[in-house]
Amino acid sequence: MRDKRLKRGFFIRPTIIVSKALLGKFLIHEYRGQILSGMIVETEAYIGEKDKAAHSYGGRRTIRNEVEYGPGGYVYIYLVYGLHHQLNFVTAGTDQPECVLIRALEPAEGIEVMKNNRKTGKLSNLTNGPGKLCQALALDRSLNGHDLTAKGSDFYIEDRGVKISPKRIKKGPRIGIDYAGPYWSRVHWRFWIKDNPFVSK
DNA sequence: TGTCCGATATCCT
DNA sequence: GGATATCGGACAT
């Protein structure tokens, strides 16, 4: 059987390219013997050094964002507002603190478990936001620094052959970062699949 | 050691 | 549509 997991080379590319390429890929978490998965439908790019909205702006390097300074293909996950997790994938090479925030998924496998994790019966409300998808797929800080490309790991990304043509990729300003000032809060570094009902609002 | 605040979701009106 | 929950990280003291 062909190994469909994304390899290191996929992530070691410019962050904007990776952000778009991730649309249509499948995020898979094998959790307690269950497969929890979803197709990525919305992403945001964070270009560390020069991006005022990024944790690594100006080369800021801390215990929390240390993994961003490593090579692409690793997981950067942390807690905001004391209750919501944010899932990111590190991109580019070593010492370029760049990453892609996963904002929304279209649920694929393990939907019943996800509904239970989320305490909701509504499919449309399961994974249409960064904090929601982490809760649905049971992702938390213990996965920080996880290698997505490691053989046999239980958290990875697959290419299942879904092709998203450039025409179906929409872009716009990122969300919830007004503090970054008029320029960085407006750059069009958010990407999503046109007309997909699971994109966050 | 203390204070400030966030890459959101939810509940309430 | 608006308030607010809730905690760990960042940085100042």
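Throughout, a chain's letter reflects where its sequence line sits, starting with A, and its residues are numbered from 1. For clarity, every value in this text was computed on a predicted model and none was experimentally measured.
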| said: Base contacts versus sugar-phosphate-only contacts with protein, heavy atoms under 4.0 Å: please encode nucleotides 5-13 of chain C as B, S and - from 5' to 3'. | reply: BBB-SSS--

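- Straight-line distance from the CG atom of A:Leu101 to the C1' atom of B:dG6: 14 Å, rounded to whole Å.
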| request: Return one dot-bracket line describing DNA chain B 5' to 3' (Watson-Crick or G-U wobble pairs, both distances under 3.5 Å; ( ) same strand, [ ] crossing, | another strand, . none). | output: ||||||.|||||.

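- The distance between the ring centers of A:Tyr76 and A:Tyr78 falls below 6.0 angstrom.
- Ion pairing of A:Arg168 with A:Asp195 is absent here, as no side-chain N (NZ or NE/NH1/NH2) approaches a carboxylate O to less than 4.0 Å.
- Inter-residue side-chain proximity for A:Leu137 and A:Phe155 is flagged as unmet; no heavy-atom pair is nearer than 4.5 Å.
- Residue A:Arg174 places no side-chain N or O under 4.0 Å from the OP1 or OP2 atom of B:dT8.
- Between the OH atom of A:Tyr46 and the C1' atom of B:dG6 there is a distance of 11 Å, rounded to whole Å.
- Taking atom CZ of A:Arg118 as the reference point, atom C1' of B:dC11 lies 14 Å away to the nearest angstrom.
- What separates CD1 of A:Ile77 from P of B:dA7 is a distance of 15 Å, to the nearest Å.
- When heavy atoms are screened at a 4.0 angstrom cut-off, A:Ile177 is found touching the sugar-phosphate backbone but no base atom.
- Between A:Leu36 and A:Asn117 the shortest side-chain heavy-atom distance falls below 4.5 Å.
- Checked for salt-bridge contact, A:Asp95 and A:Arg61 meet the test: a charged N lies under 4.0 Å from a carboxylate O.
- Ring-plane geometry between A:Phe11 and A:Phe89 is classed as perpendicular, the angle between the planes exceeding 60 degrees on a 0 to 90 degree scale with a lower cut at 30.
- In this structure, the CG atom of A:Asn125 is 13 Å from the C1' atom of B:dT8, given to the nearest Å.
- Residues from residues 51-59 of chain A lying near DNA chain B, meaning a heavy-atom separation below 4.0 Å, are A:Ala53, A:His55 in numerical order.
- Remark: A:Arg13 qualifies as a cation-pi partner of A:Phe10 under the 6.0 Å distance and 45° angle criteria applied to the six-membered ring.
- At a threshold of 4.5 Å between non-hydrogen side-chain atoms, the residues A:His146 and A:Asp154 count as touching.
- In the hydrophobic cluster analysis, where Ile, Leu, Val, Met, Phe, Trp and Tyr join through side-chain heavy atoms closer than 4.5 angstrom, A:Val90 is grouped apart from A:Leu27.
- Under the 4.5 Å side-chain contact rule for hydrophobic residues, A:Ile40 and A:Ile35 share a cluster.
- Looking at heavy-atom distances under 4.0 Å, A:Arg190 makes no contact with the nucleic acid at all.
- Salt-bridge annotation for A:Glu109 and A:Arg160: present, with a side-chain N of the basic residue lying under 4.0 Å from a carboxylate O of the acidic one.
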